[in-house]
Structures are given as C-alpha cells and as structure tokens.
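Below, chains carry the letters A, B, ... as their sequence lines are ordered, and counting in each starts from 1.
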Amino acid sequence: MTDSPIAYDKYDGKAIEEKWRKAWEEVALDSPDLASAKRPYYNLMMFPYPSAEGLHVGNMYAFTGSDIYGRFKRMQGYDVFEPIGLDGFGIHSENFALKIGRHPMDHAVITQKNYYNQLHAIGAMFDWTRTVETYNPDYYRWTQWVFTQMFKHGLCYRGKAEVNWCPSCKTVLADEQVIDNSCERCGKMVEKRQLEQWFFKITAYAEKLLQNSFSLDWATKVKVAQKAWIGKKEGIHITYPVVTKDGAKVADLTCFTTRPDTNFGATFVVMAPEHPLVGELFTVKSQTLQVNSVSNDGERALSQINAATTAQILDYVQASKQKTPQDRVAEGRKKTGVFTGYYCVNGLNGKKLPLYISDFVLAGFGTGAVIGVPGHDKRDFAFAIQFDIDIQRVVIAPDGDTSPISRPEQVQEEEGVMVNSGFLNGIPVQEAIEKMKDYLVNKGWGKRVTTYHLRDWLISRQRYWGPPIPMIYCQACAKADKGEQKAMPGWFTVPDSELPVVLPRIDDYKPGDDGVAPLAKHKEFYETTCPGCGGKAVRETDVSDTFLDSSWYFLRYPSVARNLEGGRWKMDIDSGRLDALNFQDVKESKVQDPSSKISNFKKSHSFPWNPDITKKWLPVHMYTGGAEHSVLHLMYSRFVTMALHDWGYIDFDEPFSSFYAHGLVIKDGAKMSKSKGNVVNPDDYIKLYGADALRLYLMFTGPYDQGGDFRDSAMEGMARWVQKVWRLAMKNISSYDASDPLVPSDSSQHSILSSATVKKALHRAIKKVGEDLERRRYNTAIATMMEFVNIVVDEEGARPQTPEPRPTSQDEVVAGGRSDGGRGVMGSDDLGNFLKILAPFAPYMTEELYQRLRAGMTDDQLASPTGGLPLTNEKKGSKSETLSQYTFTKSNSIHFQPWPAYDPKLLVDDSAEIAVQVNGKLRATVVVSRQSSVVREEVEKSARQSDRVAKHLEGKTVIKVIFVPGKLINFVV
RNA sequence: GCCUCUGUGGCGGAACUGGUAUACGCGUACGCUUUAGGAGCGUAUCCCGUAAGGGUUGGAGGUUCAAAUCCUCCCAGAGGCACCA
C-alpha cells in the first residue's frame, strides 16, 4: 500500500468499458457455438424499432433486465444465445423518415449505426455476429417467402372489405392496430373504407391459439389479453319467420345469442342498418315499398305501409351508414332506430315481435340481428324505454326482486332463476341456457354456433417502406379462370428462385390519399411476366404489414447465413455495418437488373433457417418484452409459428416457451414519450456514470415487472455505490500478497481470510441474490448486495485511505488470518464470489476487478485501467514469469465462472432472536441459543425472565401460549 | 360498463407459504475530514409523547392467538376490452 493517488481510488467506467468491449469481442465471449452447444438457452428480448431519436432509457431498462437474466443463466452453465436486431422496416420508421424529410433507405443506414452503437454501450451480452434487420433483402426475402407459403397453403386471400383507413398515415390498419377508433401509431381517428386487400386467415387458428394459451408459461396479463382478443363465444343462431302485420311470411331472419334462456322474455327484434335483409325488404328506387323476392302475401303487404314510412326507414339506414363508428358509440346509451312494419314470430310462445332497424346492432358481429330482451340486457332495456316496448321479467336475480322491471338497476344479466318461461321455470340461468339450446335445436329453429372476436389479419399496406407483397396478377389467366389457387384466378406467387422482390429506391415514396401504393406509379417495378402463361402481368404494389416482419425473426437469428458458412466475422460499429446485401447494393442495382451478389446469395440459400440449429435452439426459452405487444406481435408470431409447424417446416407450434412482460420506466409520474418531453437518453448517463451504474440504477428502481421511476438524484446514489464497491475490492486486492492470486480450490493458502461475519453475510447474499435473479427481483438482489457491502465496510472498521490499525476482537478473524487491520477483511476467493454475483448486473467493473484479482495486479502501473494487462503476457516487471497464466481467455472471464454455491451451514446462526408477544403485540425480543430456540419450554422460560414481558403479564392469567419454533412466542392473557 | 393489476414514510420501494411493518436506496439535518468544490466518513430520520407508552400499510367491517398479507364492501390510480347480443 502506498499513499500515492493511484488509479484504484476511482472507477473509470469509460476506459474500462471500452477495454472490455474489445477484449470480449476478441475472444468471442458472447458468441456461443450454436452447433456444438450442450445446454442451449435462447434468451430473447424484443428487438427495437429504430423510429426516432434513438434508444431511450426505457429500452435500456428492458434490455438490461433481459440481459441480467441471460448472464445468470450462463453462469448456471447454459450456453446462452442472446441476439439483437432492428425492426426497422415499416410504417413507424417510414413516418419518422417522412417527418424529417429523409429517404427511408438512408434513414435506415443512419439509425442502424446509431442504434448499434448505443446497444453496444449498454453492456448486454448480445451476439453481434448474428443480427437481423428486417429491411435487409436477405431477411425480407424470407418474409416474402412466408407470404407465398401462406398463399400456397390457402391461408391468404384477397377480399374487398370494409377496412380501417388512417387518413394521416394514409394506409389501412389491421383491427389490432386501431385503438379507440384511432390509429395506434399517430392517434388520428380512423375512417372506414371499402378496399380490396390481402388477408391472412388467422381465424383458422382461433381455437388453437386459444387452447394452446392455457398451457403457456406466460405472464397472465398477456394470456388474459389474448383470450379476450380471440373472444370465443358459444351461442346459438335462432331463425325467425318475418311476417307482416297480418301474419303473412315474407322472409327469415337469423339472430345470434349467447342467452337463449331469456327467450320467453323477448319483446322485439333488431337488425343492423347494414343487414342484407334491409336491402331485400326495401329498395331505394321507388318511393313505394318494394318487397323483393317474396310471396304474393308479401305483395299484398305493399299497400299496408305507405311510402312515407319507407322513406323514413331508408333515411335512417343512410344516416347510420354515414356515421363514423365513434359517433355511433358516442350517442351511446341514447338509442335510435326505426320500426320496419314487420314482425318476427317467436316459436316458443307464438308472440309477434316487432322488427326494428337500429345502429346499436353491429353488422360485423354475430348475424347482425339480435333478439331484444329488455328485462335482461341493458342495451335492450334502453331501446325498449326509448320506443315504449313491453318489458318482461323472466329471471329472478339473487336479490329476490320479482317486481316489474322499470329501472336500469333491475336489469339483471348474469345469474338467477328462470320465471315466466314455460318449461324453464325454476331452473338456474346456466342450466337453462343449455336446456333452451337443446330445445331450439330439436325444434329445428336454432343451430349451435361458436363465434370469435378475432378477425382475419389484414396484411397489405398501401405504403412504400416494407417488403413488396410477392404476388403477380395476370389478366389473361384470370379471364381463363386459371391461377395458382382455384379460388383466386389470375394470381400467382413469385417463384422462390426469384425472391426477394427487391424494394427499389424511388423518390416519390410518399403515400397518397388515393389508397394506391407508391410502387403502383412505377412501371419498371410492376411490369413483369406471368409465371403461369408467360404473358404480360403485373406485380402487386402493396407492401406487407410490419408485424409480418417481426412474426418470424426469432427463427432467423440462430441461422443467419454468414455464421453457417464458418469463419468469424468481426463487428465494425463505426462503419455502420450492413449485410452482404444492403441498400448500397440495392441502390446500385435497379430492380430489373439484380446484381450478381443477389444471384449468388440465392444459389447458396434455399431455406430461411438451418433445420438442425433450429431444432436445437427453438422454441425460444425465454422471451422478454413489453406487455403492449400482447395482442399484436405475440399473437401474429404464434399464428405464423403454428402455420409453419403445420406445413412441416418446424417441429414446434409455439414460438416462445416463456414470455416475461417487463414494466415501463416512467419519469415525473408519466410514461416516457417525446410528446411529454420526458425522454431520457441513456448515452449521457453512461458517459457520466458508466454503463454498470446505470444498469444497476435502472434495475434498482423497482420490481422488473412493474417498471420504475427515473430520478437523477437516485442515479447519483447508485454511482456512489459503484465507486464504493470498486474501492473496497481494490483495497482487498492490494492487501493480498503478490504471490497470492485467486486460488479458488484451497483457501487455506490465503494470507487473509474473511472474518466469520463477512463469510456468513456472503453466503446469505449468494443464496438471496440467486433466488432473486430466478424470480427477476433485481431490486432486492441489489439491496442484498448493498447490505453485504455495508457489513464488510463495518467489519473493516478503518477508512480506505487511513490505514490505522483497526480495533479487532480476535474472534472476528478466522484463525490463521492476518489481523493487522485496515487492509481488508475478505479472503480472495470470497471477494471473487462476491464479484461473481454482482457480475450479471455490472459486467464491466466486475470483469476488471476479477481479472485484477486473478493476476494479483496491485501496483500502480498494472492498476491503471488502460494497462490492458489481461490481454497480453508481455508486461515487464517482477511478475513477468507468471503472467502467462493471466492471459485473458473466454473460460477465465468472470462471466463464464459457475454461479457460486453457498454453504447451508453458514446460513444458520448460533443464536436466534425470538419475538415475544403478549396478546399479539410485540413486547420484547429475547436471544437464545440455536438449540433452545426450537424448544418451547426454554423459550418460554427466557421470555418470562424479560422485565418488559413480566410487566405485561403481571396480574394476568395466561390462557394460551403460541409458539413458532425459532421465531416467536405469543402469550394470550 | 366488464376484465386484470396496484395503493406501505418526504420520495423509489422491502416484508418467501399470515408470525418482530418500513430492509435497501434517495432526500433531509447535524458533525468529522478536505485550501475550496466535490467526494468520503459518522450519527439521526414513520407519527404522537419528556418518558412510560400509544398509534400507523387507501377507507370500513370480518376471520385469527397473530393480518400489509386471507374474506366482504367501498374509494383512488394504471393497463386491457368494449353498444360483442
């Protein structure tokens, strides 16, 4: 020890981080050999979409939490693969590029560089030899392949549909991307448009998506959300004859209900304005009522309803159709509608139920027609009040109320017993539902049906920045009724050998509001030949939804081609690495003139993933991400995986064995967003305090699944703790003899042994931190390590820079230890173990300290952070002949050390503190020996001896004594 | 409206299956150290009370020897779904 201001009194994060990033890359620390791995563990974090100003601290929070878990698994002996990539293809990136007026291709190059630089800095164990960027042609080639496979397997179709149109993003949106009738991305109100679009038949997997979800090891929050989104409902279709006032039948009308039990209480029927029957019953042409395709009875009905009524009805229908969805909902409880003049006949009791048209009934759900049971449905009740329709009670709720239903509170929907319902009287609701279904089916009036809320996935986008949909349309073939799929004449997939359909660089990439994709203005793109007849044909000019890109990326990571070809590849972050096939290539090569690189690539790659590697590494063992993707990305990924499985391409049907939903970082009480101006950029903090301190701080803010609150002052506190650990470790390292490097096997050789207190505390910490890591309670794990450091500092009793002999009692230092004080109280192997449990949280600092410990590097020169000693063996000085053993290799990195074991014997105290209660209130604590702490008599005896206890027992009779061995004794008086 | 989750000091948060509420950290105050700044070190810090003692986990009840934890109702906040029949 010297008093000189040597480097070790301050942790220099910047220099040390840089040094280890290089060193780790040099030895390929974080690139597991996927082919030979014995215990594969695929630890995946959702890849970010580089849309805006860069990675923010919320991203870093998410990545760090996932990374710590991966590092822990690695120390437990798993071969952990932790990849990273960018989801930079699609509307979010394009919108940002449009906003700042930069071409999306150029923007992608820039954001990739920025993001990868930032992602390097956060200290995650990403395997930088295997990245995936969704906009790279070598990736989206396979996204397009997935599309063609969907088509080939009949899961993809084209249909004219009422779609969600975002007037601001100028594109259609999937149902899942519409939140509160607004665009998920930009927040603008969504309009409805009739457009021809591509769909994936995700509904074909509705039941499987639901059934599988029950057995997934996923955050329940997410499973609940998925279940709700799938929205399975078991009900019944009931068909009613539609009759005139005089009872002449004119048509049939089918209604959907989940509550047929209340059918005796039905007093009206309502259909949506868009219902086909509306058009069948009334036409616009004449101002007189027209009844289409019905019997003579119907013809006679003509005269009974005058033209004015018809006009009124048609007006209402027109008006409803023009309303936006939000208008319809906004009118809310105030029901509107119009009577048709017709009736439905309820077969149960022969009642004629007036038939209305109202826009509270949704055309898109069920059959677009419902049975009005105002006594037992709140909307029906509101409608009945509005139109003065009869209200009948058919259920007696548990409250026993049997009076006529006249107030909304009386409308009871869930439970009770049937009444006024013929054969159902006295039967509980649940039972009655089944009974009624059977009855209706028997009578031939009804048919059991299962419906789902889940809709087919609208996959096409009229935008530029996405994978062109790899389809070709041939008019000639269409006329001849020829095509790849019978149901879709004229349509052909682009042959595999011609994928990718490269997205050309065009300058007029801005979306128009005509619903036509930018590529549609480029003949050189869309003109092609028909794979069927060889004649002239056109390419599809829409691109696919971003969520298709991310629906299969986890399959790609382990198989990224360059790794399968062998040879180590080195990341060059400064050059903003792009793949063999990148934008430069695309820019140079026009679409119609594919470069030789592309053809070469195609020849050598015929499948998107390596089957052996995939079998070994998938499904993903642990997937971490935000809960906001509960029904978007996670549902689509599951669907695509199921489809790939059913086509025989993979042997599992769920992509993620475990899914963990992390919380969000908030600042000043609000979620971070640029609109609120509270976004924190991690770069500045990393520069100021180091990545380790920021990692620790973020994880310390709260439980990982609940998120945390970012505060600058608390960040400084964590930076102080990092310094404290550094000083403590350096002081201990310097107190070991130079000839006394870390020898894990035989601690008796050490000149300094830990005091019993320190040793005990360490083993407790090992246990607790390990348990907390498994549960991802990072905040309490860090607290445990802080407590441990506090104990060590207390034990040392002397300040780091004033090596006064500390007052020690002899028994604190294990026999054989050096008790000259003021130097350190941890044995070198104990220090090593402490560094190991801290390593997942603070990977840089712990590596530096661990290597110093191994090498016994204590003198000024070696202690200099930039000394770089561990990487070489050419240092001068007295230690030169032993230095070869200190060369840094993968296997002696702290991150490849086994997670330390704790000694259960050290967790047990010699004495125990027992809480003494009188009538459940704590009155005292007594300390007894370990052995007697579990013996009732002994504990009771010492408890009664306590003054404070005696005081409270005085003059009272003890009725009962509760004894919890080793913990507590309670006198009941 | 329905579903899920969350309410603990000035603040972020601890408390595994009911068993010593407020660990750990931030902040604050005082002191030591430092040329200064910063940093470091020490002490204190839920509330009332000089003390003995009493009170306290959003609110009100309940179960129990014992409740932050279990049950019922209510209040507040976050997220998801939503005229879904």
(request) Starting at atom CZ of A:Arg455, determine the distance to atom P of B:C84, rounded to an integer number of angstrom. (result) 13 Å
(request) Please check the phosphate of B:A85 (OP1 and OP2 only) for any side-chain N or O of A:His376 closer than 4.0 Å. (result) no
(message) Tell me if the NZ atom of A:Lys227 is crowded by more than 12 foreign heavy atoms within 6.0 Å.
(response) no
(request) Quick one: label A:Gln917 by what it contacts on the DNA or RNA (base, sugar-phosphate, nothing), any heavy atom closer than 4.0 Å. (result) base
(request) Please confirm whether A:Arg695 makes a cation-pi placement over A:Phe841, using NZ or CZ under 6.0 Å from the six-membered ring centre and within 45° of the ring normal. (result) no
(message) Does the structure show a Watson-Crick or G-U wobble partner for B:G19, both distances under 3.5 Å? Name it, or say none.
(response) B:C65
(request) Let me know the distance between NZ of A:Lys768 and P of B:C24, rounded to the nearest Å. (result) 13 Å
(message) Suppose you measure atom P in B:U45 against the same atom in B:G25; what distance do you get, rounded to whole Å?
(response) 15 Å
(request) Tell which nucleotide pairs with B:G49, taking only Watson-Crick or G-U wobble pairs whose two distances are both under 3.5 angstrom. (result) none
(request) Determine the interatomic distance between P on B:A68 and the same-named atom on B:G19; round to the nearest Å. (result) 9 Å
(message) By the 4.0 Å heavy-atom rule, please label A:Asp380 as base, sugar-phosphate, or nothing.
(response) nothing
(message) For the C1' atoms, the ones on B:A67 and on B:A15, what distance do you get once it is rounded to whole angstrom?
(response) 13 Å
(message) Do the side chains of A:Glu771 and A:Arg775 get close enough for a salt bridge, i.e. N-O under 4.0 angstrom?
(response) no
(message) Can you measure A:Tyr452 atom OH to B:A82 atom P for me and round it to whole angstrom units?
(response) 18 Å
(message) Rounding to an integer number of angstrom, what distance separates B:U64 and B:G54 when you compare their P atoms?
(response) 24 Å
(request) For nucleotides B:G9 and B:G59, find the distance between their P atoms and express it as a whole number of Å. (result) 10 Å
(message) Between A:Asn779 and B:C24, is there a contact of a side-chain N or O with OP1 or OP2 at under 4.0 Å?
(response) no
(message) For a quick check of understanding: with a heavy-atom distance under 4.0 Å over all strands, which category does A:Val972 fall into, base, sugar-phosphate or nothing?
(response) sugar-phosphate
(message) For B:C32, give the paired nucleotide (Watson-Crick: N1-N3 plus N6-O4 or O6-N4; G-U: N1-O2 and O6-N3; both under 3.5 Å), or none.
(response) B:G40
(message) Could you tell me how far B:A14 sits from B:U22 if I compare only their P atoms? Round to whole Å.
(response) 15 Å
(message) I'd like the C1' distance from B:A66 over to B:A51, given in whole Å.
(response) 28 Å
(message) Suppose we call two aromatic rings close when their centres sit under 6.0 Å apart. Are A:Phe700 and A:Tyr778 close by that rule?
(response) no
(message) Please classify the glycosidic conformation of B:G9 as syn (within 90° of 0) or anti (everything else).
(response) syn
(request) Respond yes when some side-chain nitrogen or oxygen of A:Arg923 is under 4.0 Å from OP1 or OP2 of B:A52, and no when none is. (result) no
(message) Against the six-membered ring of A:Trp229, is A:Arg638 placed for a cation-pi contact (under 6.0 Å from the centre, within 45° of the normal)?
(response) no
(request) Would you check if the distance from the ring center of A:Tyr685 to the ring center of A:Tyr697 is below 6.0 Å? (result) no
(request) Find the partner of B:U4: check Watson-Crick (N1-N3 plus N6-O4 or O6-N4) and G-U wobble (N1-O2, O6-N3) distances, both under 3.5 Å, and reply none if neither fits. (result) B:A78
(message) Could you tell me how far apart A:Lys724 (NZ) and B:A39 (C1') are, to the nearest whole angstrom?
(response) 13 Å
(message) So A:Gly717, base contact, sugar-phosphate only, or nothing? Heavy-atom distance under 4.0 Å.
(response) sugar-phosphate
(message) Only pairs with both distances under 3.5 Å count, Watson-Crick or wobble alike; so what is the partner of B:G12 in this structure?
(response) B:C24
(request) Once you apply the 3.5 Å cut-off to both distances, tell me the Watson-Crick or G-U wobble partner of B:C83, or none. (result) none
(message) Tell me whether the side-chain N/O atoms of A:Arg720 come closer than 4.0 Å to OP1 or OP2 in B:G25.
(response) no
(request) With P as the reference atom in both, quote the distance from B:C30 to B:A39 in angstrom, rounded to an integer. (result) 16 Å
(request) State, without any angle test, whether A:Thr624 and A:Arg776 hold a side-chain donor-acceptor pair at a distance under 3.5 Å. (result) yes
(message) Rounded to whole Å, how long is the line connecting atom CD of A:Gln226 with atom C1' of B:C81?
(response) 14 Å
(request) Hunt down the Watson-Crick or G-U wobble partner of B:A60, both distances under 3.5 Å, from any strand shown, or write none. (result) B:U72
(message) What contact category does A:Glu913 fall into here, base, sugar-phosphate, or nothing, at under 4.0 angstrom with non-hydrogen atoms?
(response) base
(message) Check the phosphate of B:G80 against A:Lys221, side-chain N and O only, distance under 4.0 Å to OP1 or OP2. Yes or no?
(response) no
(message) Is there a side-chain contact between A:Asn790 and the phosphate of B:A23, meaning an N or O under 4.0 Å from OP1 or OP2?
(response) no
(message) Heavy atoms only, 4.0 Å cut-off, all strands: where does A:Thr257 land among base, sugar-phosphate and nothing?
(response) sugar-phosphate
(request) Would you mind reading off the distance between A:Phe788 atom CZ and B:A23 atom C1', rounded to a whole angstrom? (result) 17 Å
